[in-house]
Amino acid sequence: MSCCLLDFGRVQELRQVRDFLFQKHNNAGPEEEKTRAGTAGVSMPKAEEEEQQQTAPWLQNCVMSLSPCSDLLVIAREHKATFLSAKWRTDESGQEEMTLSVTWSGTLSAEEGSSTGRPDWTCVVVGFSSGYVRFYTESGVLLLAQLLHEDPVLQLKCRTYEIPRHSGVTEQHEELSILYPAALVTIDGFSLFQSLRACRNQVARAAAAGSDVIQPPPLAYKKWGLQDMDTITDHSSIGITTLSVFDQMKNASMLGGFHASVKGSPPAMSQYITVGGGPYTGFYYAIEGSSQPLLSHVALAVASKLTSALFSAASGWLGWKSKNEEESVQKQKPKVEPATALPVRFGLPDSRRHGESICLSPCNTMAGVTDDFGRVTLLDVARGIAIRMWKGYRDAQLGWVQVSEARGERDLATSPSMPRRHAQFLVIYAPRRGILEVWGTQHGPRVGAFTVGKHCRLLYAGHRLMGVNSVTSQGWQIHTQQVCLFDPVNGALRAVTIPFHLALSDKKSERAKDMHLLRRLTTLLRSREVEPGLLESEAQSVLLDIKHPAIKKQALESLLSNKNAPVSCLTNVTRALLASLKEQDPEAVDESLLQFCSSQLKLLQLYTDVQLLHTPDTSPTELLLSIQPSFSGIEEDLARVGPVLQRYTEMNSRPCVSFAQDSSGPLPVRTFLVIKQPDTDWTQLGKTGYLFHCAFVCSFLFWGCLSGQSPLQRVCETLQESGISPQQLLSLLLSVWLNKEKDVLKYSDAVSHLGTLLSTLSSMKGAVDESWDGQCVSPWWQQVRTACVQSESAAAALLAALVAHRVAKNAITRLGESKFQEEWECVSLELEQWVVCIKQLEDVLALQTLLCLPSPQGSTGGAVTRCSVKTLLESGRGGVADCVSKLIFRQGVSPDLLRDILQRRGENEPLHYVCVLCLTEASVCVCVVLELLECVCQRFPDSLSPDVLFAHCSWENVVQWNKDPEVKTINNLKAVLKKITRKILESNGFCFCSFTKYLFVKVGKAPKDRLCRRDVGMGDAAVRSFLSSSVQLLQALMEADSAVEQVSAPDVCVEEVWGGAEGPVSIMELALDQRSVHYPLVQHHCVLASLLHAAMTFSLRLKPLSLFDSKGKNAFFRDLSSIQLLPSGDMDHNLVAVRQEFLMNVLTGWVKVLAESEENGVKHSSTEDMWPSVCMELSSILQVNTDILRRHLVCELYNQGLDLRAEEVMMEVQDKDVLGSQLLVLTGQRLAFSLLHSQSQTKPNMELLARLPPTLCTWLKAMDPSELRCPSAPLSQSSRLINKVIEMLPENHGQYSLALHLLEAVDSLHEEP
């Protein structure tokens, strides 16, 4: 876990290379060459080191360059160079190693990318002192040559494509930069890539077939004249940068002064850094677009010139051109373009210091600079400042290593696009000291130091593959050696390997190193396929290396919560960690970590021991013998509650959804450990978020004992030895018993096993207080009662209470016998508590059995309610009635049937109900519902008294109707309210608070269905039903107010065992606390409701408030118990006329509906026949003449042809004269229709018309039969009608004679055959 030097290759024939480069008889050429670039490849494996005794200082006088993939090494001196390519060979021991020898192979990466990720070929770029730059293949074939500047080439550097680590990083383009003493040339990477590929293809064709030369595309380059520096020795091209707005304004102000102008957006600039002298470091910025790219003339090397190349493939040595050839080429020198002046923006001035080299970091943020003072300076490229300096490194060589943080499989799956963290390290080789050091940046410590030879060379390319872009780089796994050390003594190539966490490990950040180790462990745990042995060793190593106790504990928790780690691995690692903690100084060990390790180790051992005990019990006889003494009387208790238990079991036997992982397979150890934390209160597990895991853990510990599959005594001893207190074991036992209710009811011996476990746990030390005397409440048994009253598993809670009661009673009896030798009956407060608890649990069991009834198909009312003793006590005095009322609504029990059940409560006679057959699987027989309902009513005689139960039922109907107004619960509510004591209705305005707020008065006429749904949320049919119910409920309020002095208020009380109920006030108590209603105000609202109901029923136009004066309008929608100023005295005649017209329209509408019903043969209901009486009652209240309404009704009935009903109403008319005159006109209309307008006119009818008196004939012709809705009435009815008219008219009446003539005409017409 520290940085190291790894051998990955070896250079062969190193002696031959030295001899070739340092020949005594040297035909030195006029040029010196410097090799600076090569591209692309993959790394090779480690090679075994072989000792080669060679002289070393000669290498310092050579120029060396290694390709990034370490597959090509170039060594050059003066006018000679040699290329060494990678090969694989097998040594004498049979191991494979990579060697570099003088061979030539490879291809440049294609445009679409190589499928294997290897470089296709490698290009060597050579700069000459004459200014020429030539490009060669790895086999020494010249591709092209270019003269860009007539000065010696000082440096060649390449920048290749890098995948941006995040969106904020500017994507950099590929580029080759060439440094001259006073100029800098940059060649675009894409243009260079295309030219090199074209030249290589042309050379291949020329060598194969001697084809003609094809001119490749020219190179696009930029040439800058670097100014304001005395000497330049090295450079770095940073790439395109964009300043922030603040830096842009700062630079503009410093360069241009106060009146400087600033562009809207910062321009993009190419940044260059040079080192040398005067100043020591210079920063140049070239704004993009300030200089157009230049096009060069490419000198192509064709196949005809291959023979003249001073290169021998057999020997492997490359020589440059002769002097004569060079002179001939110089005569053909192409035109050299002038450089664009580029002044230095700023620099680091130091007159005495002279820079030697600069090395740019991989992410282009920092650079290392060496100088002649033996210093290494670290520069911040963006800010242009020196941030760190090392001394004592004369002739130092620099390199950079960038390390990425490892990511696990889960990280790649969940967040593949998230950028990884990277760390950068500066590698410094000091040849005079023979040491290689690795430093963390920016202010990190030295993380590694290696003693190496004094004549080595540090090789750092600073670039990767060329010809790669954002598209072709997708999915590439290219590994390149960033920094390697070449040792000329043995020819070994060594790579510097640095782990990522060393970037976090300085003296002040040990916590960061621990966090990295924690992430390493987490990554290992997330791996899907890890061998247990490897997991154990790695986890133990990481846990022992972590220093901080909190992180060590977090790492241990991560390991313990892993689902793939075996128990043995967890036990061994935890034991090793605990042992290492005990070996340390006790004062330096974190106490909480020590306790955590100790408790987890105990739990792991407990898990192992209990898992071994999961075998069937081999001693059932001893078990049964131990049970018998503790269960005297339990059979009587079970026989008493047996019928209710049987019915409860049947109701809960329906199939339900279950998951396979809940019932199959062993309990995972991480589930067992997560439930038992050092700070967990096991007695409160049911209230915490551990409830889900608690069910599995409790089943793992105790279900084998309860089901008879494990030895009870040995399990209890094992649990006690584990250090778990008896109270915690009791909580776990009760938890598994209450959570597995269905399984408990299936096993007949589960009750006896529970008793044995309770007896065993009670006898443990620390369970029951030794000072307990039976006259006080024991905390041990109070814990059992608390768990039972809180549980919603009614049957399991009752069985647990019965068993615990018997065990406690036997313990109290033995305690009493030990203290009192006489035969006294032991009376204990503890036993009284048990009696009350068992009575409550029995009541809850009966109630829960009733609530478990399945709902009929299509019914509303919600899901089945689950209750417990605690919930009933917290729901107040009306909690039981509220639960039962919901069940009654859901089952649709009628109020009459409910009244019979309440009246026959307590009687021994059976109920004779009609049993209805089941229509669906989800339905139950009515007799079962009534049987269970009667049982509950008998157990709660006070909580379910008639008034209380009917009041809650009415409120439940209101609640359900409010949820869905379309549900027809109003009529059922009316029937329920009729059963309530009138005192309740009168005292609280029960109906008013339920319905009055829903009355609407904004509709000017009978609204249609769409308008009703939009305004009040109900359809028109539901609105009519609602208004009808509102009228009847308001009438019930008035009746209750009239009889208030005759009925006393009911008492609200509960059963004795439920006297401790506390919670919200019940509906009954709220009702009795209300004030009495004001009868006139209720009547006023009842009139309004009746008018609205009539308007909706007969689709009449009505603005309800227009029928009332200002006093009446102001009195509406007030509290019914308040005193309001109501209308009194005589009303305005116009208002009375409007009221009279509306009531007459109501009667007309009723007559029309009546006629349509009789015409269709539909039987009339009593509700439909009540409208005449309603109108008469309203007329007396609204000061409308009742006799006028009756006369109008008689006329409407005769007009509709309903003569018999008209005669019944006629008897109540007071003013017969006016009625006779009205009916005389109606009779004339009937006769006129028969004589004048009938389509079947006969000759006798015409003769009769001619015999009539002229006065009568003229009067009949003036009649309009179209006003009759039933003009074709039988002549017998018309004759009867005219006789009634003659009886009503006095003889001195002006129309009496006309009535006699009509009678004769009708009789004559009736006598005609």
Side-chain angles (χ1 to χ4, degrees), residues 947 951 954-955 958 973-974 977-978 980-1002 1026-1050 1052 1065-1095 1102-1136 1138-1139 1142-1143 1174-1184 1186:
D947 287 337
S954 63
W955 184 254
V958 173
L973 177 61
K974 292 186 295 184
L977 288 176
K978 291 180 180 178
I980 302 179
T981 306
R982 292 178 181 270
K983 176 64 179 178
I984 302 176
L985 289 173
E986 188 276 333
S987 61
N988 74 326
F990 192 84
C991 310
F992 168 71
C993 68
S994 304
F995 289 102
T996 303
K997 63 179 180 179
Y998 297 111
L999 291 175
F1000 65 94
V1001 294
K1002 59 186 296 186
F1026 167 73
L1027 291 173
S1028 174
S1029 301
S1030 301
V1031 172
Q1032 298 183 34
L1033 295 175
L1034 291 171
Q1035 290 175 350
L1037 270 179
M1038 292 187 291
E1039 295 175 3
D1041 183 72
S1042 302
V1044 62
E1045 298 179 357
Q1046 302 176 6
V1047 181
S1048 59
V1052 181
V1065 181
S1066 65
I1067 295 178
M1068 286 291 297
E1069 294 172 332
L1070 287 174
L1072 294 175
D1073 290 341
Q1074 301 298 317
R1075 295 183 298 173
S1076 301
V1077 298
H1078 186 214
Y1079 183 90
L1081 185 59
V1082 178
Q1083 185 184 40
H1084 190 58
H1085 283 84
C1086 185
V1087 170
L1088 176 62
S1090 300
L1091 296 175
L1092 290 172
H1093 184 209
L1102 170 67
K1103 290 186 177 180
L1105 299 181
S1106 64
L1107 301 180
F1108 299 91
D1109 57 4
S1110 59
K1111 293 181 181 179
K1113 294 176 183 179
N1114 295 330
F1116 283 126
F1117 312 115
R1118 306 289 183 180
D1119 187 2
L1120 293 185
S1121 60
S1122 62
I1123 306 298
Q1124 300 294 330
L1125 184 61
L1126 297 175
S1128 60
D1130 296 336
M1131 286 290 153
D1132 182 51
H1133 295 289
N1134 296 329
L1135 184 59
V1136 173
V1138 174
R1139 294 176 175 178
F1142 176 76
L1143 294 178
V1174 170
C1175 291
M1176 302 309 161
E1177 293 177 2
L1178 291 176
S1179 63
S1180 60
I1181 299 174
L1182 299 176
Q1183 299 183 10
V1184 177
T1186 307

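Two residues are said to be in side-chain contact when any heavy atoms from C-beta on lie closer than 4.5 Å; L1107 and L1091 meet this criterion. The shortest distance between side-chain heavy atoms of R1139 and F1108 falls below 4.5 Å.
Annotation for Q1035 and C1086: closest pair CG-SG, 3.7 Å, computed over non-hydrogen atoms. When all heavy atoms of A1115 and L1126 are compared, the pair lying nearest together is CB-CD2, 3.5 Å. Residues P1127 and M1131 come closest through the heavy atom pair CB-CE, 3.2 Å. Here the closest heavy-atom approach between residue A1094 and residue F1142 is recorded as CB-CZ, 4.4 Å. Across all their heavy atoms, V1136 and Q1183 have their closest contact at CG1-O, 3.4 Å.
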>> Assess the residue pair Q1124 and H1084 against the criterion (side-chain contact (heavy atoms from CB on, under 4.5 Å)); give the C-alpha distance rounded to whole Å, side-chain angles, the decisive distance to 0.1 Å, and a yes or no.
In response: CA-CA 10 Å; Q1124 300 294 330; H1084 190 58; over 6 Å; no
> What's the verdict on side-chain contact (heavy atoms from CB on, under 4.5 Å) for H1078 and S1122, showing C-alpha distance, side-chain angles and the deciding distance?
Replying inline: CA-CA 6 Å; H1078 186 214; S1122 62; over 6 Å; no
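Rounded to the nearest 0.5 Å, atoms NE2 (H1085) and OG (S1090) are 12.5 Å apart. Rounded to the nearest 0.5 angstrom, L1033 CG and M1038 CE are separated by 11.0 Å. For the atom pair OG1 (T1186) and CD (E1177), the distance works out to 10.5 Å, reported to the nearest 0.5 Å.
Applying the side-chain contact (heavy atoms from CB on, under 4.5 Å) rule to I1181 yields the partners Q1083, V1087; only residues at least two apart in sequence or on another chain are considered.
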